[in-house]
Amino acid sequence: MENRFFVDSGHLSPEALEKKHKLESDPSSRKDHMEYLPGMEIIESDVCRQVLSQMNSFDPSAYTARDVRTALDHSTCSIEDLKALLSPAAEPFLEQMAQKARMETSKHFGNTVYLFTPLYIANYCENYCVYCGFNCYNHINRMKLNMAEIEHEMQVIADSGMEEILILTGESRAKSDVAYIGEACKLARKYFRMVGLEIYPVNTDEYKYLHECGADYVTVFQETYDADKYETLHLFGHKRVWPYRFDAQERALRGGMRGVAFSALLGLSDFRKDALASALHVYYLQRKYPHAEMSLSCPRLRPIINNDKINPLDVGEKQLCQILCAYRIFLPFVGITVSSRESAAFRNGIVKIAATKVSAGVSTGIGDHESKYTGKEDDAAKGDEQFEIDDDRSFEAMYKDMSGEGLQPVLNDYVYV
Amino acid sequence: MMIHNDKLVIGGHEFNSRFILGSGKYSMKLIDAAIKDAGAEIITLAVRRANTKEHENILDYIPEGITLLPNTSGARNAEEAVRIARLARELGCGNFVKVEIMRDSKYLLPDNQETVKATEILANEGFVVMPYMYPDLNAARDMVSAGAATIMPLASPIGSNKGLATREFIQILIDEIDLPIIVDAGIGRPSQACEAMEMGAAAIMANTALATAGDLPLMASAFRQAIEAGRKAYLSGLGRVLTRGASASDPLTGFLRD
């Protein structure tokens, strides 16, 4: 495999470099990615087995144009239909898929589009995930906001008009513990109508605590559902434990969260299989927890600081559109989020077909909302970004553009009771 | 019955229109068309969306003389529904409330049992309670006993535009329940609204069918006419004939001699 991920920073000590190289080149130096670490809760669940059994038996090349036509003719999309829609045979049917997806979106969501913004409060990370800008061997400006700084960021964002926030951290329990994140959630409830979390996976009782602090939606990206591939990309740290991550949404729901979001990071492995597994992860969990709200994201790999070679490989815009249409046709009721990783043109188009939620006013850095929103420069330290964004529209611009596209922007869709 | 005296009465309040705008997908254009072209006098609003800051507060769009019908969408049990209803009253939405309780995010089917509980609590607090329910006669009778002002059975899964999938069961409610039966959810076409009115429904609630139409005002006026036509057909006395099959012109029992 061509090395597009491994970059050595000149700032690493010889010992750190040696350990990094060993992790990269010697699989036996890495921990068993299927084995839970001490303190990680194990839950009884058959969802993982169901998803993997479908994914492992999925052969995208086995489907034909006839299978795709049959799938498009069905009023209810079966798992077999979904597989056909995700296969290469469906690519010539993209326009028909988009038409069908648009109809489903409009039946379930009308012409609404939800707006939100992410807020990164810390970028410390204890993991070595080779494609991520926050990885512990990447030399970037690290930062963790204190409560006053978090509140200031929230004020700036709330002043822009945004009512939903997604709080993110790097995956470091040591630097950003659950208590710290809980305090951030309590602050967020002062300024926002809805508070979501995208943090490292935690145990059920910790999700329960965070829910009590004001968060009610949890996003965890599985990155890839191919556990063997996952092992080669997440070389070190608690994130390496694949099954603990897989069960995160179920633990969050057991902890009382209202909704959960899922995704694979497209471009890491076979994207068709990862898309199938993502959709089925939602499908099987929804059957088990029918009250829960579910949503899907569809991030593609993006370049990071110190490595501009990272790209989404074979997942072009057409393939991404195909996946999103297949998601919508198979799961008409789920939210679909398209992040600022994608271009403004793509997002303007896809919200009319399948997506129901877009971010705006995005920064993936730490503590830089004021300078980004108002242009006001200050001397305060900033933390570097997780990845490069593409669509940098502000909240106001996005609101105006979505309205201009004939869509109704929705800022709040939940009332805490 | 004289058509011009034909009022819809809900909880002692009289309405001329039998079209109610549902919530879910709203915009200024939709509200405008619903009022001007469909003649709506009642507009539903989802408290979870209305409870917003500056942008797009639906409360700012509602003209005077229109009755607001806040709903409890988002509630998963009676307790949450009751809290949302109280919040709606605090927000100045009046006393009407449509109780919607769903424990299923896929089909959004209502939970009748929890809805009965919420109806009782809210009716006791002076709300005009309009429970959204799966058309089950026993549950509907419980809603009546709990103090409901109307019964709102679903025609088919919400947003599905599939029309009167529960036709037979709605007819039973119309026949057996002495409250206005307002058909809600799933009405996708004016012809389906007309059919429900012919059956004896008191009013129609719709949203998606209008919101997703190419020409909103035109579709709104089509709904108005369809609902009026169905109502007239029902009042004309043909309703039962239409729904139950025509009667023979010669009596079948004419041969009986005593």
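Each chain gets a letter, A, B and so on, in the order the sequences are listed, and its residues count up from 1. We use all heavy atoms of the structure for the numbers below, so side chains are in, but hydrogens, waters and symmetry mates are not.
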Should we say atom CZ of R189(A) is surrounded by more than 12 heavy atoms from elsewhere, each under 6.0 Å from it?
yes

Over 12 non-hydrogen atoms of neighbours within 6.0 angstrom of CD in Q113(B):
no

May I ask you to list the residues in residues 100-111 of chain B that approach chain A closer than 4.5 angstrom, counting heavy atoms only, ordered by number?
R103(B), D104(B), S105(B), K106(B)

Counting heavy atoms not belonging to K288(A), are there more than 12 under 6.0 Å from its NZ?
yes

Exercise: identify the closest heavy-atom pair between R76(B) and H291(A)
NH1-CD2, 4.1 Å

Heavy-atom pairs under 4.5 Å with chain B: which of E104(A), Q286(A), M294(A), R258(A) has the most?
Q286(A)

All side-chain contact (heavy atoms from CB on, under 4.5 Å) counterparts of P190(B), not counting sequence neighbours:
M219(B), A222(B), F223(B), A226(B)

Just grab all the salt bridge (Lys or Arg N to Asp or Glu O under 4.0 Å) pairs involving residues 278-287 of chain A, residues at least two apart or on different chains.
none

Under the rule for ring-ring contact (aromatic ring centres under 6.0 Å, His included), what residues qualify as partners of F330(A), not counting sequence neighbours?
Y283(A)

With a cut-off of 6.0 Å (strictly less than), are more than 12 heavy atoms of other residues, nucleotides or ligands near CZ of F169(B)?
no

